[in-house]
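In what follows, a structure is listed as structure tokens, so that the remarks can point back to it.
The chains referred to below are lettered A, B, ... by the order of the sequence lines, with proteins before strands, and numbering in each begins at 1.
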Amino acid sequence: MCSEHERLPREAYLLDTAEVARRLLGCRLVREIAGHRIAGIIVETEAYLGREDLGCHAARSRSERVEAMYGPPGHAYIYFIYGVHHCLNAVTQPVGEPQAVLIRALAPTEGVEVQRDNRRNPRTGVLPSELAVANGPAKLCQALGIDLRLYGTDLVAGNELWIEQEPALPSESIAVGPRVGIAYAGEWAAKPLRFWITGHPCVSRGG
DNA sequence: TATACGATCACCT
DNA sequence: GGTGATCGTATAC
């Protein structure tokens, strides 16, 4: 049928986490609020590989904050950071294996004006451009109204926040590099675990 | 109990 | 390129 609205199936979240990060590129992140769809195409992701990955929150002691990463695949791990921002991850791997993919940037496709308004500068009232409305992990959460109330949400079977599949991108369309903002993570900081659509204008930096 | 700091962003120079 | 915002959590005392 119309594959446009098919969810990415749960099995897809059981691939190697770096493979999930690549598979999510080009897929559609959808938020539904009061029956209204707002959405964008995922253009940038990062893989976080569990307890051994010093850049991964699960490398520290298991706590309430990271519990969702230990849960079933295809659910949302959301964290609050810098006292200001929220970031969204899709949990990968079976229960008990705490890995996830950070969604870092979207190209907005539905409800673009709602997204721009959600990101209105509270001091100046200025709206971001369409290209810049969700070109960062905290920006996309603000644009789509994602916060800790959605912690643990099922991205496969839920009705508030989910991911719809699109055809997998050819590897030549995917660029790879080190993850952002984890300089403290030793040798893990340099590993090629950040993925983005080559040349896409909505990538958070240096696309 | 106390303290340091973060998977970021916006604003400044 | 540098820094402040702003608070939950981890780690130390």
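- A:T109 and A:R28 share a side-chain donor-acceptor pair at under 3.5 Å.
- In this structure, A:L102 reaches the bases: a heavy-atom distance under 4.0 Å links it to at least one base atom across the strands shown.
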Restricting both atoms to N or O, compile the protein contacts to nucleotides 11-13 of chain B shorter than 3.5 Å, with distance only.
unit_1: B:dC11; atom_1: OP1; unit_2: A:N121; atom_2: ND2; d: 2.3

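- Here C:dC7 presents its C1' atom at 12 Å from CG of A:L148, a figure rounded to the nearest Å.
- Under the 6.0 Å distance and 45° angle rule, A:R179 counts as a cation-pi partner of A:Y48.
- One atom, CZ of A:R65, and another, P of C:dA10, lie 7 Å apart when rounded to the nearest Å.
- Between A:Y79 and A:H57, the ring center distance clears the sub-6.0 Å criterion.
- Contact annotation: A:R194 side-chain N/O to B:dA7 OP1/OP2 distance is not under 4.0 Å.
- Proximity note for A:Y79 (side chain, C-beta onward) versus B:dA7, C:dA10, B:dT8: the nearest is B:dA7.
- A:R62 comes within contact range of no nucleotide atom at all, as no heavy-atom separation falls under 4.0 Å.
- In terms of hydrophobic clustering, with Ile, Leu, Val, Met, Phe, Trp and Tyr side chains grouped at heavy-atom distances under 4.5 Å, A:W162 and A:L24 are assigned to different clusters.
- When hydrophobic residues (I, L, V, M, F, W, Y) are linked wherever their side-chain heavy atoms come within less than 4.5 Å, the members clustered with A:W188 are A:L49, A:L54, A:L193.
- With rounding to whole Å, A:F80 atom CZ is found 19 Å from B:dC5 atom P.
- Note: A:Y77 and A:Y151 have perpendicular aromatic rings, judged against thresholds of 30 and 60 degrees for the angle between ring planes.
- Taking 4.0 angstrom as the limit, A:R104 places a side-chain polar atom (N or O) nearer than this to OP1 or OP2 of B:dT8.
- When rounded to the nearest whole Å, the span between CD1 of A:I78 and C1' of B:dA7 equals 14 Å.
- Residue A:G181 is in sugar-phosphate contact alone, with no base atom involved, counting any heavy-atom pair closer than 4.0 Å across all strands shown.
- Each of A:N89, A:T92, A:D53, A:T17 was scored for a side-chain hydrogen bond (donor to acceptor under 3.5 Å, both in side chains) with A:Q99, with one residue passing: A:T17.
- Straight-line distance from the CD atom of A:E64 to the P atom of C:dA10: 10 Å, rounded to whole Å.
- Each of A:Y184 and A:Q142 has a nearest nucleotide on DNA chain B; the 5'-most of these lies closest to A:Y184.
- Atom NE2 in A:H86 sits about 14 Å away from atom P in C:dT6, given to the nearest Å.
- Of the side-chain N and O atoms in A:H57, one or more sit less than 4.0 angstrom from OP1 or OP2 of B:dA7.
- The interatomic distance linking A:L127 (CG) with B:dA10 (P) rounds to 13 Å, in whole Å.
- Pairing analysis of DNA chain C (Watson-Crick: purine N1 to pyrimidine N3 plus N6-O4 or O6-N4; G-U wobble: N1-O2 and O6-N3; both under 3.5 Å) yields stems of 3 or more pairs at B:1-6 with C:7-12, B:8-12 with C:1-5.
- Side-chain atoms of A:N118 come within 3.5 Å of backbone atoms of A:A143 as a donor-acceptor pair (strictly under, hydrogens ignored).
- Environment of CD in A:E172: crowded, with over 12 heavy atoms of neighbouring residues, nucleotides or ligands closer than 6.0 Å.
- Stacking here means ring centres nearer than 5.5 Å and ring planes tilted less than 30 degrees, and by that measure A:Y82 does not stack onto B:dG6.
- When each of C:dA5, C:dA10, B:dA7 is scored by its nearest atom to the side-chain atoms of A:V84, the top-ranked nucleotide is C:dA5.
- If you take CZ of A:R60 and C1' of C:dG8, they are 13 Å apart, rounded to a whole angstrom.
- For the P atoms, the distance linking C:dT6 with B:dA2 amounts to 23 Å, nearest Å.
- Hydrophobic clustering of Ile, Leu, Val, Met, Phe, Trp and Tyr side chains at less than 4.5 Å, counting indirect connections, unites A:I174 with A:L15.
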